[in-house]
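Data block below; observations after.
Scope of the values below: all heavy atoms of this structure, side chains included, with no hydrogens, waters or symmetry mates. Letters A, B, ... mirror the listed sequences (proteins, then strands); counts begin at 1.
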Amino acid sequence: GAGVSQSPSNKVTEKGKDVELRCDPISGHTALYWYRQSLGQGLEFLIYFQGNSAPDKSGLPSDRFSAERTGGSVSTLTIQRTQQEDSAVYLCASSPDGLGQPQHFGDGTRLSIL
Amino acid sequence: QQQVKQSPQSLIVQKGGISIINCAYENTAFDYFPWYQQFPGKGPALLIAIRPDVSEKKEGRFTISFNKSAKQFSLHIMDSQPGDSATYFCAASVGGSNYKLTFGKGTLLTVNP
């Protein structure tokens with residue numbers, strides 16, 4: 001079966017531009033997460049969607065970051081007015097509903113801000 | 001505030017040796033402790049996980065040891081192989097695996113042939 005799919009795999013853009021990153025979770029998974037992986041900083045939680053509940057946005061670093069999940073499936077992470085410190089790998093994960101089920105990660109989008 | 005501290009940052013082991021990576025946490029509400037393995041250019045993949053009601057869990061060559069009173073847990077890789085060379089992350093969450101994870105900063109493991 002297909003795993004978590006993220007696109008694009010690489011994105012290079014100029015400072016100040018807006019970017020959209022896409023995540024297709026595993027079919028049937030109700031939970032979806034976005035993390036950011038910066039060099040030497042490990043993975044940092046950004047946002048969490050669970051079914052129809054209000055998302056947990058507590059990890060978003062600024063109001064330039066937003067995310068949505070349409071129809072309980074595909075999610076888009078948007079970064080407005082990108083800054084150089086936004087350069088990182090953005091990882092998406094999904095998991096089935098319920099406890100004891102692990103998160104499955106995609107291979108990420110490597111974002112470079114020039 | 002770093003809630004999960006991981007050490008060492010890097011580790012070099014000879015083939016057949018034991019690799020040991022340690023993590024310490026601060027939040028006593030954490031109740032799920034997974035380890036992830038990540039190869040270059042790939043997303044992290046769950047390796048093994050433990051809950052605080054047990055002190056040790058073994059899956060093949062991989063063992064998690066958990067010390068609740070010390071708020072520490074560690075990953076042991078027995079008979080380390082060159083194919084184990086990767087970055088390893090410990091993590092923790094409150095409310096089980098189906099919620100946001102707090103990660104350590106990772107350990108780059110190199111297993112020499």
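- Surrounding CD of A/E85 are more than 12 heavy atoms belonging to other residues, nucleotides or ligands, all under 6.0 Å away.
- Contacts between A/S58 and chain B at a heavy-atom distance below 4.5 Å involve the side chain alone, from C-beta outward.
- Scanning all heavy atoms of the two residues, the minimum distance from A/F45 to B/L101 falls at CB-O, 4.1 Å.
- For the pair A/L91 and B/P44, the tightest heavy-atom approach, listed with the atom from each and the gap, is CD1-CD, 3.9 Å.
- Considering every non-hydrogen atom in both A/D56 and B/K100, the closest pair reads OD2-NZ, 3.3 Å.
- Only the side chain of A/Q37 comes within less than 4.5 Å of a heavy atom of chain B; its backbone N, CA, C and O stay farther away.
- A continuous path of ILVMFWY side-chain contacts below 4.5 Å connects A/I79 to A/F49, so both sit in one hydrophobic cluster.
- The environment of CG in A/N52 is sparse: at most 12 heavy-atom neighbours from other residues, nucleotides or ligands sit within 6.0 Å.
- In the hydrophobic cluster analysis, where Ile, Leu, Val, Met, Phe, Trp and Tyr join through side-chain heavy atoms closer than 4.5 angstrom, B/Y32 is grouped together with A/Y33.
- The number of heavy atoms from other shown groups lying within 6.0 Å of CG (A/L39) does not exceed 12.
- Scanning both residues, A/D107 and B/G41, for their nearest heavy atoms gives CB-O, 3.9 Å.
- When hydrophobic clusters are built by joining Ile, Leu, Val, Met, Phe, Trp and Tyr residues whose side-chain heavy atoms come closer than 4.5 Å, directly or via intermediates, A/Y48 is not grouped with A/L77.
- The structure places OH of A/Y35 at 5.0 Å from CZ of B/F103, a figure rounded to the nearest 0.5 Å.
- B/Q9 does not touch chain A: none of its heavy atoms, backbone or side chain, sits under 4.5 Å away.
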